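Before any comments, here is the structure.
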There are 2 protein chains.
Amino acid sequence: MTRTRTPGDALRVAVSTVIFSLRRGVDGERPRVVLPLVRRTRDPYEGLWALPGGWLDEDENLEEAASRTLAETTTLAPSYLEQLYAFGDVDRSPSRVVSIVYWALVREDVSLGSEQHNVAWFDTENLPALAFDHAHIIDYALWRLRNKVGYSRIAHGLLPEAFTLAELREVYEAILGRRLDPANFRRQVENSDTLIPTDEFRTGSHRPARLYHYNHEVELADRGPLPQRRTAKD
Amino acid sequence: MTRTRTPGDALRVAVSTVIFSLRRGVDGERPRVVLPLVRRTRDPYEGLWALPGGWLDEDENLEEAASRTLAETTTLAPSYLEQLYAFGDVDRSPSRVVSIVYWALVREDVSLGSEQHNVAWFDTENLPALAFDHAHIIDYALWRLRNKVGYSRIAHGLLPEAFTLAELREVYEAILGRRLDPANFRRQVENSDTLIPTDEFRTGSHRPARLYHYNHEVELADRGPLPQRRTAKD
DNA sequence: GCAAAAGTGTTATTATTACACCCATGC
DNA sequence: GCATGGGTGTAATAATAACACTTTTGC
């Protein structure tokens, strides 16, 4: 009930987004989960890295604010966007800030097109020093991602339109941090009704691998009664 | 970017809580999932029922605000409390309000002690007309509850300290809305390491049923890297 | 004894896992 | 040919589900 600051500064609402994408090494290297961070140029935690985000606009929905954030840092539309959590501890920032955090997936094929000022992509297993409680937030987002990959088709959201089963498996392996049996993996996804085989093959290495499309009639994840908004290519 | 209202009124943060409990009929009736609602006595939606809640205090964490809300309506400490979602659509209220919504479980044995003014308990399958988007919020909370009951021991949070396997099964049945095989249910929970058998029996009807305690060393639900705060009897 | 819930046993079905093996290509 | 990843087959194991059956009480 104590009001010591001026009303306008008392409590502010920010929206941030943990944006996951994939970075493949040059040759046959395994893909890695990466995310973009923004270097802070202002007072609290200046110089440290932080999640992309901004203040919530008065005439803007939460998800719109997250999309805006995402477009400003990656110039992309996400293949998946979901609210992660609202962080609002009194001591998480010098001033009182409630942060509504979203997490998103963007497909790997185009994710490297945006190299803006003070924005860089980091391997999730090798993050720099982070501002505020953002290290904790990213931990939680990674936990959600790993969890969700086990019971939904979320991993498809990181791949381009056409992909091989090995590429899809490598996404699962990068997220889960362990190797999966190729034979069993194949059968699981083939029986899951989420893949549409094409007549094309990825050639170049050894035996050509069949390319698949994602079945867009199946949602990437069940969100229950929450409204499902449009995302890219879905 | 338009700022048409005064700063203090531009955007407010509220915290509401969907509080689930159990109500048993007089005789052998099956238990039902119930929740408390508050009748609105002020301008928007006056007279309609709404979720218990209030404005977020400047020096109060989100979860503390939810606990306060909960204590004010039920005079109880919850056995489980988790953030549900942040609702913040521009048009969800006449003025711009971002609501951080929690959901909670309170044990059935004591939940009916509080009959305050303008507060009443409703069967989740027979709700009255609700203010704002609260009907939608309750839908989502019920979906979460049903979901979580499938992969965690959350249902124990609705029962008193000692209970029979049939009582626990009835909780699952009330939440899931379908009957479960008593034999298979018994084996599942017995193998889950969450129950401690006692030497007491519930007598009165037919063959006496053994009473069990919840094993407090096992968390009701895995919340990942989110900080676990203390709840009642846990 | 009889009804009804407590509690045990058995079997069929399905999903998961491990791993042997064949296939098709680049070199 | 041969190395390598693509792709198929198979068997052991574990989880789920359906249901018959025995036990113990109140009446």
Side-chain angles (χ1 to χ4, degrees), chain A residues 24-31 146-147 149-153 155 159 162-213, chain B residues 24-31 146-153 155 159 162-213 222:
Chain A
R24 281 194 132 75
V26 267
D27 48 345
E29 205 186 323
R30 319 209 145 265
R146 276 191 285 265
N147 241 292
V149 98
Y151 63 87
S152 76
R153 299 299 144 197
L159 287 177
F163 50 86
T164 68
L165 289 182
E167 288 164 353
L168 180 59
R169 176 169 48 82
E170 283 171 345
V171 177
Y172 277 80
E173 291 175 341
I175 293 172
L176 295 174
R178 61 186 168 91
R179 309 296 291 271
L180 301 174
D181 184 305
N184 295 331
F185 181 82
R186 164 181 300 271
R187 270 177 297 242
Q188 281 193 8
V189 298
E190 274 179 347
N191 295 337
S192 72
D193 206 45
T194 54
L195 290 191
I196 301 171
T198 71
D199 293 331
E200 294 172 287
F201 290 81
R202 169 97 68 231
T203 179
S205 53
H206 302 281
R207 174 174 172 178
R210 185 182 294 276
L211 290 174
Y212 291 81
H213 282 151
Chain B
R24 281 194 133 75
V26 267
D27 48 345
E29 204 186 325
R30 317 209 146 266
R146 277 190 285 264
N147 242 294
K148 206 133 197 167
V149 97
Y151 63 87
S152 76
R153 299 299 144 198
L159 287 176
F163 49 86
T164 68
L165 288 183
E167 287 164 354
L168 179 59
R169 176 168 48 81
E170 283 171 346
V171 177
Y172 275 81
E173 290 175 341
I175 293 172
L176 296 173
R178 62 186 168 91
R179 308 297 291 270
L180 300 174
D181 184 305
N184 295 332
F185 181 82
R186 163 182 299 272
R187 269 176 299 241
Q188 281 193 8
V189 298
E190 275 179 346
N191 295 336
S192 73
D193 205 46
T194 54
L195 290 190
I196 300 170
T198 71
D199 292 332
E200 294 172 287
F201 289 82
R202 169 97 70 232
T203 179
S205 53
H206 302 281
R207 174 173 172 178
R210 184 180 295 275
L211 289 174
Y212 291 81
H213 283 150
D222 182 14

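Not measured: the values here are computed from a predicted model. In what follows, every chain begins at residue 1, and chains take the letters A, B, ... in the order their sequences are listed. Heavy atoms only: backbone and side chains are in, while hydrogens, waters and symmetry mates are out.
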Which atoms of nucleotides 25-27 of chain C (N or O only) lie under 3.5 Å from a protein N or O atom, and what are those distances?
residue : atom : partner   : partner atom : Å
dG26(C) : O4'  : Ser205(A) : O            : 3.1

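- At least one donor-acceptor pair closer than 3.5 Å links the side chain of Glu167(A) to the backbone N or O of Thr164(A).
- Residue side chain Arg187(A) does not reach the base of dG7(D) through any donor-acceptor N/O pair under 3.5 Å, judged by distance alone.
- For the pair Phe201(B) CZ and dT23(D) P, the interatomic distance rounds to 16 Å; values are reported in whole Å.
- Within residues 174-186 of chain A, the residues that place at least one heavy atom under 4.0 Å from DNA chain D are, in residue-number order, Ala183(A), Arg186(A).
- Summarising the local packing, CG of Asn184(B) is surrounded by more than 12 heavy atoms from other residues, nucleotides or ligands at distances under 6.0 Å.
- Between Arg30(A) and Glu173(A), at least one side-chain N (NZ, or NE/NH1/NH2) sits under 4.0 Å from a carboxylate O, which counts as a salt bridge.
- Separating the CD atom of Gln188(B) from the P atom of dA15(D) is a distance of 11 Å, rounded to the nearest angstrom.
- A salt bridge between Glu170(B) and Arg24(B) is present, with a side-chain N of the basic residue lying under 4.0 Å from a carboxylate O of the acidic one.
- Rounding to whole angstrom units, CZ of residue Arg202(A) and P of dG5(D) are separated by 16 Å.
- Closest heavy-atom contact between Glu190(B) and Leu165(B): OE2-CD1, 4.4 Å.
- Across the protein-nucleic acid pair, Glu173(A) atom CD and dG5(D) atom P stand 12 Å apart, rounded to whole Å.
- Shown here for Leu180(B) and Arg169(B), the closest heavy-atom pair between the two residues is O-CD, 3.8 Å.
- Remark: Phe163(B) pairs with His156(B) by the ring pair (Phe, Tyr, Trp, His ring centres under 6.0 Å) rule, at least two apart or across chains.
- Nucleic acid contact class of Arg210(A) (heavy atoms, under 4.0 Å, all strands): sugar-phosphate only.
- Regarding Leu195(B), its CG atom lies at a distance of 15 Å from the P atom of dA6(C), rounded to whole Å.
- One distance of note links OG1 of Thr203(B) with CG of Leu211(B); it measures 10.5 Å at 0.5 Å rounding.
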